[in-house]
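Comments concern the structure below.
Below, read A as the first sequence line, B as the second, and so on, with proteins coming before strands; counting in each chain starts at 1.
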Amino acid sequence: MTEHMEIQKIYNPKTIESKWYKFWEEKGFFHAKVTRNKKPYTIVIPPPNITGILTLGHVLNNTIQDIFIRWKRMAGYEACWIPGTDHAGIATQNVVEKSLAEKGLTKEKLGREEFIKKMWEWKEQYGGTIIKQLKYLGTSCDWTRERFTMDEGLSFAVRRVFVELYNKGLIYKGKYIVNWCPRCRTALSDDEVEYRDHDGNLWYVKYPIADSSDSVTVATTRPETMLGDTAVAVNPSDERYKDLINKEVVLPLTDRKIRVIADNFVDPQFGTGIVKVTPAHDPNDFQIGLRHNLRQITVMDETGKMNENAPEQYRGLDRYECRKKILDDLESQGLLLKTEKHTNAVGHCYRCNTVIEPYLSDQWFVKMKPLAQKALEVVLDKKIKFYPERWVKVYQHWMENIRDWCISRQLWWGHRIPVYYCVASNAKSSKEGENTKCPPIVSMEHPDRCPNCSGTDIVQDSDVLDTWFSSWLWPFSTLGWPKENEDLKYFYPTNTLVTGPDIIFFWVARMIMSGLEFMDDVPFRDVYFTSIVRDIKGRKMSKSLGNSPDPLDIIDEYGADALRFTIVYLAPTGQDVLFSKEKCEIGRNLCNKIWNATRYILMNLEGFSYSPVENSKLANMDKWILNEYNLLAKNVHSSLERFNINETVRLIYDFFWSKFCDWYIELTKPKLSTDSPEKVVCQTVLVEVLVGTLKLLHPIMPFITEEIYQLLKSQPGDKNLLSAESIMVSPFPEFDEKKIFPEDIKEVELIIAVIQNIRTLRTELNVPPKKLFEIIVRTNEENKISILEKYLPNLRLMAKVDKISRYSQKPLHSAVIVLSGMEIYVILEGIIDIEKETARLKKTEEELNARLRSLNSKLENEKFITNAPKDQVEKIKLYSKETQENITRIRNRLASLQ
RNA sequence: GGGCGAUUAGCUCAGUUGGUUCAGAGUACUACGUUGACAUCGUAGGGGUCACAGGUUCAAGUCCUGUAUCGCCCACCA
């Protein structure tokens, strides 16, 4: 090894990362194919929106997926990570409409076909941004399998599913109250509505009773909807209003009279106990309306403006202008009795934040109950496992209270609903009645002619499907379904789904339903719910707060490995993670530590050529680190199996930094400066453990581990250890029972304790850092002295001990350490002060006494002796004895100082 | 109104099956140290009644019950 001087002291990720990503891609390491003698391990990416840019949420999510994929790939699985993007109906259409607006254009001016063309152009230009950004993170996706939810294949799957569900009677069309966004001018599913508390008012409005001077008072938060009232309701058991039932009241501001009805829905305690009923503008009123066969009067249009059904003076007004005018009018007519502050939850469009209007319209729905039942069972039966498990309850609650899914959207960007109407017959039908109307044609392809009347004038339903109607098929549509093929058979069901808990209903639940329905099998075995990334103050990351650092900036400043490491190091399992970019110093510093440990090892490999060493040739310090390393390999495996990545990361960090660097490397320094056969053993173990740890770390920090792997490969010598072309395709370390040495490592643990104690003493006594000193050891165990003597070179380097002597007479100018059946006198002539030493020892004695009391109180407790497990009692006895001995030694010393 | 989660060092969090080893890590702080891997470093140190109150147990951050505070989700109260 000659070129070590060229290796920089500071690890610089910049040039390295792009180099290795390119290398991996060119070698085809990311590509997975059907391989009969290997087990598959599959992950489908939660497809990011094409409008998206990389956020820290994506970083966390995709780092975790990459960890699983890289781990399984190294562990011998055919690891397949399928990437792709989602067309994100509303979000994308909004973006493009906005850019059109800047040019003074609207989608209506362009027309549907031209607009869709523009959408695709936009998608080609910007839709791949997030995919490019993911590559900087090091994600090992199989890019040859990249899919888009509006690809031909996936669109085919969507149509197939629609037709199949329709034929099974699980899709229906109907006129219902839906959540309507007046800005996007589309229906939304229940899940796409976000509720937030609004400080609003509750207005009390007087409705005069017809043919009477009396009146009733109703309370409302949305007075503008009163124009669509078709009844007033009271609770049938409400004694106050018994006489009112079936009477008529005059709807103010209109010339209509409406009936008073009785319905159990009405809560007598709330407001006045009298409710206005607006079947066309409120979901509850809609239900009441059905029960009482009420008229549904829609008084708004799809933009939220009052329509022709409203009295003339309100027509064309926006719903909020109308509200104001109505309140003014009521006021001037003396019908507004009072205004009360009232906070209630108001629904907002999850895409544009506009207040949702419940709106009566024709929409397509999926019947969910039949699908939900099986999907709930597989989770309760643990055929699919959730991590953390508590999400099962949330899932269960939703599944048991599921409502039908509104899947039609009044948008242009998306999968157009595969339903066709015969225009001729419909035109006729309006004139000649229902009988001649042809039924809608539900078909995967555009029909040539109407099967009913052979008419050729056929139009497709103008609506598109909810975006989630394509993504719920993702685990099998990406594998080519509905076409039978080998990939689908081999890679489905997928193994692990990694996603945020915020889309458990949108996506996870629906994928489980569709998997069971169309593949007759679960879509995945395990669902790992990630943390939600928040800023350092616990706020959600958002553009408007400006608290969302750009991951690419972080990668630029700290490196992708540092970012990956830090975010999984910080992310607790299933809790929120509070993140700021400065925290990436943890990861950056670890990179630097790894880098410099490697640099040091390389400097000491001159003339070295690797070949395995037999156990019999290993020194105990070698056995100690191999033992620790083996336990690490075991624990890493088990923590990954349990989906506890946080634990995995901490295990490796602690091992590398606190065991390998702080102790093993330091302990081997004396030997490395000699020219003995022992040196070769040390070099071997250093390289073995370094390479092994790099492999364990590779799924988390792919770039630096590859860089070092290749650096080591470029050294002359035997390549047994580094036979793989790349660390990412090298075998993952496994636990090796033959490298566990419970007895031999004890002396190393003793030496570590001695060094730590001497260091503490030095600091306590302010011993000058360079001062060497002698120690005198008093013990009944001769072998302990031999051990100390054997490690004198280490003690010299790490504790500045230059001589070890046996106890013959009371050492005067010294401080004593009592440890493990030994008294170690540190000879400090001119430094030690008898009074101070006495005080120090007394303090130690007190601490030991306290511990002894606590131990003995257990031993004196009969119940403890009888009830506690035997080994536990023995342990406590042993500790008690040791503590007692240490106290005795300290007391003796104190006596001799007098 | 229901449900879930959190509460451990100044801050961010670990703490499996209860058992001197558990009261810990990182960071911040203090002192000392540039010794040829690393100052993006090393050594040592201070700092916590494990939210509170009960209970179970020989033994409780750890299990149970209740309370408080914070956060999230769900819910048709006009």
Side-chain angles (χ1 to χ4, degrees), chain A residues 4 7 9-11 195 202 218-222 225 233 265-267 269-278 282-285 287 342 344-345 388 390-391 393-394 397-398 401 501-502 504-505 532 534 536 538 558 562 569-572 574-580 582-583 585-604 638-639 642 644 646-647 650 653-654 658 661-662 665-666 669 756 759-764 766-770 797-798 800 851-852 854-855 858 861-869 871-873 875-876 878-880 882-883:
Chain A
H4 63 255
I7 301 176
K9 275 175 93 167
I10 302 245
Y11 172 65
Y195 287 90
L202 192 58
V218 302
T220 179
T221 53
R222 292 188 301 149
T225 64
F265 168 78
V266 180
D267 176 2
Q269 308 299 317
F270 190 89
T272 58
I274 306 180
V275 186
K276 61 193 261 324
V277 182
T278 323
D282 184 278
N284 297 311
D285 295 3
Q287 293 299 329
H342 180 73
N344 63 338
R390 65 185 153 87
W391 291 106
K393 276 189 197 165
V394 179
H397 183 259
W398 193 72
N401 295 283
D502 48 333
I504 185 167
F505 308 134
I532 290 173
R534 296 172 176 281
I536 206 79
Y558 295 92
Y569 179 89
L570 290 175
Q575 295 298 131
D576 294 347
V577 52
L578 307 190
F579 188 88
S580 70
E582 291 72 28
K583 294 208 170 180
E585 287 176 12
I586 301 171
R588 181 199 61 186
N589 293 357
L590 177 63
C591 284
N592 205 242
K593 189 75 179 175
I594 296 168
W595 185 248
N596 279 291
T598 304
R599 206 163 66 90
Y600 166 76
I601 291 170
L602 285 174
M603 281 178 191
N604 285 285
S638 106
S639 60
R642 286 179 283 111
N644 195 337
N646 190 256
E647 184 181 315
R650 283 165 197 273
Y653 183 94
D654 290 342
S658 310
C661 291
D662 288 352
I665 285 184
E666 293 303 323
K669 276 179 178 171
Q756 281 173 332
R759 281 171 170 172
T760 304
L761 186 77
R762 291 186 71 107
T763 306
E764 276 176 7
N766 287 320
V767 180
K770 286 182 182 168
L797 194 65
M798 298 175 78
K800 296 283 183 291
R851 181 192 291 186
L852 186 66
S854 125
L855 291 170
K858 288 188 178 180
N861 184 339
E862 270 178 46
K863 288 179 177 170
F864 173 71
I865 303 290
T866 52
N867 292 334
D871 59 334
Q872 187 59 35
V873 177
K875 242 164 130 183
I876 299 293
L878 186 69
Y879 296 141
S880 167
E882 278 176 9
T883 309

Legend entry - Within-4.5 Å side-chain heavy-atom neighbours: A:Y11 and A:T598: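 Heavy-atom side-chain distance check fails, nothing below 4.5 Å.
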
Legend entry - Pairwise side-chain contact, A:I10 with A:W595, heavy-atom cut-off 4.5 Å (strictly under):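 Of all side-chain heavy-atom pairs linking A:W595 with A:I10, none is under 4.5 Å.
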
Would you mind telling me which of [options] lies closest to the side-chain atoms of [X]?
| X | options | answer |
| --- | --- | --- |
| A:L570 | B:A14, B:U12, B:C58 | B:U12 |
| A:K863 | B:A14, B:C58, B:A37 | B:C58 |
| A:P769 | B:C13, B:C32, B:A37 | B:C32 |

Looking at residues at least two apart in the chain, or sitting in another chain, which of them share a side-chain hydrogen bond (donor to acceptor under 3.5 Å, both in side chains) with [X]?
| X | result |
| --- | --- |
| A:S880 | A:N856 |
| A:T225 | A:K276 |
| A:N592 | A:N596 |
| A:R759 | none |

Work out how far the [atom1] atom of [N] is from that of [M], and round it to whole angstrom.
| N | M | atom1 | value |
| --- | --- | --- | --- |
| B:C13 | B:U17 | C1' | 23 Å |
| B:G10 | B:U16 | C1' | 29 Å |
| B:G5 | B:A9 | C1' | 23 Å |
| B:U8 | B:C52 | P | 10 Å |
| B:A6 | B:U12 | C1' | 14 Å |
| B:U69 | B:G47 | C1' | 24 Å |
| B:C76 | B:C4 | C1' | 22 Å |
| B:G54 | B:G61 | P | 15 Å |

For [X] and [Y], work out which heavy atoms get closest and say how close.
| X | Y | result |
| --- | --- | --- |
| A:F270 | A:H342 | CZ-CE1, 3.7 Å |
| A:G587 | A:A562 | C-CB, 3.6 Å |
| A:V218 | A:T272 | CA-OG1, 3.9 Å |
| A:F579 | A:L570 | CD1-CD1, 4.1 Å |
| A:E647 | A:S639 | OE2-CB, 3.7 Å |
| A:K858 | A:F864 | O-CD2, 3.2 Å |

Mind calculating the distance between [atom1] ([X]) and [atom2] ([N]) to the nearest angstrom?
| X | N | atom1 | atom2 | value |
| --- | --- | --- | --- | --- |
| A:I532 | B:C4 | CD1 | P | 18 Å |
| A:N646 | B:C13 | CG | P | 11 Å |
| A:L797 | B:G33 | CG | P | 19 Å |
| A:E582 | B:A28 | CD | P | 12 Å |
| A:K800 | B:C32 | NZ | C1' | 13 Å |
| A:K583 | B:U12 | NZ | P | 8 Å |
| A:R762 | B:G33 | CZ | C1' | 11 Å |
| A:L878 | B:U20 | CG | P | 13 Å |

Legend entry - With sequence neighbours excluded, residues passing salt bridge (Lys or Arg N to Asp or Glu O under 4.0 Å) with A:D282: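 A:R222.
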
Legend entry - Intra- and inter-strand pairs of RNA chain B in dot-bracket (Watson-Crick or G-U wobble, both distances under 3.5 Å; | for another strand): (((((((..((((.....[....)))).(((((.......))))).....(((((..]....))))))))))))....

Give me, pair by pair, the N or O atoms of the protein and of nucleotides 38-46 of chain B that are less than 3.5 Å apart, along with how far apart they are.
from	atom 1	to	atom 2	distance (Å)
B:C38	OP1	A:K9	NZ	3.2
B:C38	O4'	A:N596	OD1	3.2
B:C38	O2'	A:N592	OD1	3.2
B:C38	O2'	A:N596	ND2	3.4
B:C38	O2	A:K593	NZ	2.9
B:C38	N3	A:K593	NZ	3.1
B:U40	O4'	A:R588	NH2	3.3
B:U40	O4'	A:N589	OD1	3.2
B:U40	O2'	A:N592	OD1	3.1
B:U40	O2	A:R588	NE	3.4
B:C41	OP1	A:N589	ND2	3.0
B:C41	O3'	A:K593	NZ	3.3
B:G42	OP1	A:K593	NZ	3.2
B:G42	OP1	A:W657	NE1	2.4

Please list, chain by chain and in numerical order, all residues satisfying side-chain contact (heavy atoms from CB on, under 4.5 Å) with [X], sequence neighbours excluded.
| X | answer |
| --- | --- |
| A:K669 | A:Y600, A:I665, A:E666, A:L797 |
| A:S658 | A:D662 |
| A:E764 | A:T760, A:R840 |

Inset, instruction - Summarise protein proximity over nucleotides 71-78 of chain B in one line of letters, 5' to 3': B for base, S for sugar-phosphate only, - for none, counting protein heavy atoms closer than 4.0 Å. - result: -S-SSBBB

Inset, instruction - Report the glycosidic orientation of B:G26: syn if within 90° of 0, anti in every other case. - result: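 Base orientation: anti.
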
Inset, instruction - Look at all strands and tell whether A:C591 reaches a base, only sugar-phosphate, or nothing, counting heavy atoms closer than 4.0 Å. - result: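 The residue A:C591 makes no contact with any strand.
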
Inset, instruction - Name the nucleic acid region contacted by A:P869, choosing base, sugar-phosphate or nothing; use a 4.0 angstrom heavy-atom cut-off, strictly under. - result: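 Base contact.
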
Inset, instruction - Return the 5'-most residue of the pair A:K393, A:I876 with respect to RNA chain B, ranking by each residue's nearest nucleotide. - result: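 First, find each residue's nearest nucleotide; the 5'-ward one identifies A:K393.
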
So which protein N/O to nucleotides 59-61 of chain B N/O distances come out below 3.5 Å?
none

